Novice: 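Sharing a structure with you now.
Quick caveat, the model's predicted, so the values are computed rather than measured.
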Amino acid sequence: MGSTSVHENGGLGRRKLMKRSAALGLMTVPAVGFLSSCASGDGDKKEAEKGTKSEKNPLAVNETAELDFVLFNGGFGDQYARDAVKVYEKNFPKAKVKFHATQAIQTELQPRFNGGTPPDLIDNSGKEQMDMGVLVAQKQLHDLTELLDAPSYDDPKKKVRDTLRPGIVEMGQFEGSPVWMLYYAYTVYGVWYSQKLLNSLDAEYPETWDQMLAVCEKAKKKGIAGWTYAGVHPYYIPFTLYPMIAKRGGPDVIKAIDNLEPNAWKHPAVKDCFERYYELKKKGYVLDGTPGLDHIQSQTKWTEGKALFIPNGSWVENEAANTMPKDFDLAVSAPTGIDSSDKMPFGTLWASGGEPFIVPSKAKNKAGGMEQLRIMLGADSSRNFTKAVKSLSAFDGGTDGIELTPGMKSVVAALEKAGTNVVNPRLGDWYAALQKEKIGAALGELMAGRITPAEAIKKAQKVADETAKDDSIKKFKRQ
């Protein structure tokens with residue numbers, strides 16, 4: 001779908017940082033595709049009996065029951081999860097753990113949901129992420145409140161919920177108090193670049209759009225494209241475009257878009273930002289061939305120095321590690337604004353949880369699935385995750401004793417710069433097909449120069465209106 005503690009850095013550990021995030025609503029990497037008919041079948045396996053509840057086993061896990069764990073094998077890889085599985089196996093030596101990592105989440109798991117035999121724990125992420133809104137609406141997910149109220153893995157005096165970064169619990173709620181998913185990674189989305197390459201242009205990161213165009217022109221004169229992106233997966237574009245829209249028009253613009261309000265996409269802030277991104281293409285600042293590149297290919301072109309900027313999430317440091325030069329000096333910044341009339345200050349960015357873990361309601365070993373998550377949300381597993389994949393976890397800590405990489409240091413700095421100006425669109429969380437397949441397609445056409453900003457706005461509003469009027473789709477509201 002990342003050298004001191006976050007508290008010492010003054011950014012990630014502050015509750016103020018995420019108070020606004022919780023208010024604005026949070027989400028992870030956008031989802032794709034509808035789980036078309038996942039409410040059929042009861043399966044042929046009986047649910048595991050409860051084990052004996054104790055201080056070491058607060059969720060009453062059956063110590064001999066099999067645990068079935070499926071992980072999305074994406075930018076973070078799977079080693080961090082395999083390491084956490086070893087802890088589970090050590091704690092429950094009589095239990096067999098069936099662990100499987102894949103990128104084909106929906107392809108492999110939809111038949112299992114249909115048949116009533118889903119795994120016990122799933123990292124529901126990536127291109128084939130199952131639609132969360134549909135899963136919630138069809139009652140396919142187990143409420144994780146029991147896990148949140150259980151003693152934390154390291155300190156029995158603290159509940160799991162009290163060890164998480166601010167806003168993480170709220171992110172798993174669609175309406176009411178149930179928590180349907182727990183986001184394990186803590187992701188910063190922004191404009192990523194090589195500080196070394198930027199320095200070679202004798203340039204600073206641009207805060208206004210005129211400055212952005214000037215930097216891109218400098219790059220172009222040296223044979224370097226200003227931008228590239230995952231053209232095959234244009235839902236990467238919102239990672240920087242959505243917070244730019246919020247910066248231009250204020251957070252209520254994103255709120256209206258998320259709530260499928262009539263004419264939300266026709267707000268002047270949307271028009272202003274669409275026109276600026278379109279300008280990148282028209283002025284020749286987008287790497288040739290970008291519309292045909294997937295995320296790995298575009299990242300490789302970028303790490304090779306063929307493009308200066310790329311919209312991405314903080315998993316990119318790990319995902320692009322094989323092609324990233326040692327002296328690349330990876331950095332991330334908030335989206336460039338337009339000018340001083342923007343409603344929110346420079347530094348406004350999108351940061352939220354990533355890698356949503358779920359326990360299906362028809363899982364045979366729900367207690368085991370939750371216990372595996374409890375282990376992963378402990379200090380050791382969280383520290384292992386951060387060290388291994390260069391990203392923060394949902395655990396509010398886990399960086400003590402770890403020397404942060406350039407990218408991680410930049411993430412901490414970006415969050416500190418943002419302060420409370422963190423926005424978290426939920427459109428892709430609630431309406432996966434709308435975000436990833438329809439609006440994403442319109443943005444891809446816009447960035448490829450095949451449609452104008454006005455046409456892209458018209459397309460986005462049309463598909464949003466269709467979703468709003470479709471009674472078969474459960475609707476959610478940000479307050």
Side-chain angles (χ1 to χ4, degrees), residues 10-11 14 16-21 23-24 188-193 195 198-199 201-220 226-227 229 237-258 263-286 308-312 331-351 410-425 443 446-447 452-454 456-457 460:
R14 297 181 304 165
K16 284 185 178 179
L17 173 66
M18 290 304 294
K19 280 183 179 178
R20 181 167 184 166
S21 302
L24 295 178
V188 167
Y189 305 96
V191 181
W192 293 79
Y193 56 97
Q195 186 64 56
L198 190 61
N199 291 343
L201 297 173
D202 191 26
E204 296 182 354
Y205 183 81
E207 296 188 8
T208 67
W209 201 254
D210 284 345
Q211 292 171 356
M212 170 59 77
L213 296 179
V215 171
C216 288
E217 184 61 27
K218 273 190 173 184
K220 185 178 181 181
W227 284 68
Y229 58 91
I237 298 169
F239 296 165
T240 53
L241 182 57
Y242 284 3
M244 183 184 180
I245 291 171
K247 183 182 186 306
R248 182 61 173 169
D252 283 348
V253 182
I254 297 298
K255 178 180 177 181
I257 288 172
D258 284 346
N263 299 319
W265 287 95
K266 297 180 181 179
H267 192 283
V270 177
K271 177 177 180 290
D272 290 344
C273 295
F274 275 30
E275 288 178 346
R276 267 62 179 191
Y277 270 53
Y278 186 68
E279 190 174 23
L280 292 173
K281 171 62 179 176
K282 287 303 178 182
K283 288 185 179 293
Y285 297 149
V286 176
L308 182 57
F309 299 124
I310 190 170
N312 220 309
V332 63
S333 287
T336 298
I338 294 179
D339 54 36
S340 60
S341 66
D342 292 347
K343 299 296 185 182
M344 298 179 74
F346 174 73
T348 298
L349 52 68
W350 179 353
S410 187
V411 162
V412 171
L415 285 166
E416 186 170 354
K417 175 72 174 177
T420 58
N421 297 303
V422 177
V423 295
N424 296 278
L443 294 177
L446 172 73
M447 288 298 290
T452 66
I457 289 170

Novice: Would you indicate whether K271, at its atom NZ, is surrounded by more than 12 heavy atoms from other residues, nucleotides or ligands within a distance under 6.0 Å?
Specialist: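 No, not enclosed.
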Novice: Considering only heavy atoms from C-beta outward, does the side chain of Q195 approach that of Y193 to under 4.5 Å?
Specialist: yes
Novice: Counting C-beta onward and ignoring hydrogens, is there a side-chain heavy-atom pair between E217 and Y285 closer than 4.5 Å?
Specialist: yes
Novice: So do L308 and C216 actually touch side chain to side chain, heavy atoms under 4.5 Å?
Specialist: no
Novice: Is there a side-chain contact between P425 and Y189 (heavy atoms, below 4.5 Å)?
Specialist: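 Side-chain contact under 4.5 Å: no.
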Novice: About how many Å separate OG of S333 and CG of L198, when rounded to the nearest 0.5 Å?
Specialist: 8.5 Å
Novice: Considering all heavy atoms of both residues, which atom of L443 and which atom of I237 are nearest to each other, and what is their separation?
Specialist: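 In terms of heavy atoms, the two residues are closest at O-CD1, 3.9 Å.
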Novice: Nearest heavy-atom pair of G337 and D342: which atoms, and what distance?
Specialist: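 Heavy atoms only, the tightest pair is CA-OD2, 3.4 Å.
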Novice: Do T452 and F274 pass the side-chain contact (heavy atoms from CB on, under 4.5 Å) test, and can you show the C-alpha distance, the side-chain angles, and the key distance before you say yes or no?
Specialist: CA-CA 9 Å; T452 66; F274 275 30; over 6 Å; no
Novice: Please list, chain by chain and in numerical order, all residues satisfying side-chain contact (heavy atoms from CB on, under 4.5 Å) with P311, sequence neighbours excluded.
Specialist: W227, Y229, T240
Novice: N424 and D258: which non-hydrogen atoms are nearest, and at how many Å?
Specialist: O-OD2, 4.5 Å
Novice: Do L349 and P335 come within less than 4.5 Å of each other through their side chains, counting heavy atoms only?
Specialist: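 Heavy-atom side-chain distance check passes, below 4.5 Å.
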Novice: Test side-chain contact (heavy atoms from CB on, under 4.5 Å) on Q211 and W209; report intermediate values, then the result.
Specialist: CA-CA 5 Å; Q211 292 171 356; W209 201 254; over 6 Å; no
Novice: Measure the spacing between OG1 of T348 and CD1 of I245 and express it to the nearest 0.5 Å.
Specialist: 13.0 Å
Novice: Side chains of F346 and K247, heavy atoms from C-beta outward: is any pair under 4.5 Å?
Specialist: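 Of all side-chain heavy-atom pairs linking K247 with F346, at least one is under 4.5 Å.
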Novice: Run the side-chain contact (heavy atoms from CB on, under 4.5 Å) test against A246 and tell me which residues pass, sequence neighbours left out.
Specialist: I254, M344, V423
Novice: About how many Å separate CD of E279 and CG of L213, when rounded to the nearest 0.5 Å?
Specialist: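 Between atom CG of L213 and atom CD of E279 there are 4.5 Å.
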Novice: Do R276 and M212 come within less than 4.5 Å of each other through their side chains, counting heavy atoms only?
Specialist: no
Novice: Is any side-chain heavy atom of T336 closer than 4.5 Å to one of Y205?
Specialist: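 Yes - at least one pair of side-chain heavy atoms lies under 4.5 Å apart.
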Novice: Salt-bridged, D339 to R248, with N to O below 4.0 Å?
Specialist: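 Looking at D339 and R248, the cut-off is met.
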Novice: According to the interplanar angle, ranging from 0 to 90°, do the rings of W350 and Y242 count as parallel (below 30°), tilted (30 to 60°) or perpendicular (above 60°)?
Specialist: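 Aromatic pair W350/Y242 classed parallel.
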Novice: I need the D252 CG to K343 NZ distance, nearest 0.5 Å.
Specialist: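 Atom-to-atom, D252:CG and K343:NZ are 11.0 Å apart.
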Novice: Can you name the nearest heavy-atom pair linking V191 to A334, along with the distance?
Specialist: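 Residues V191 and A334, closest heavy atoms: CG2-O, 4.5 Å.
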Novice: Determine whether a donor-acceptor pair (N or O, by modelled atom type, separation under 3.5 Å) exists between the side chain of K218 and the backbone of D202.
Specialist: yes
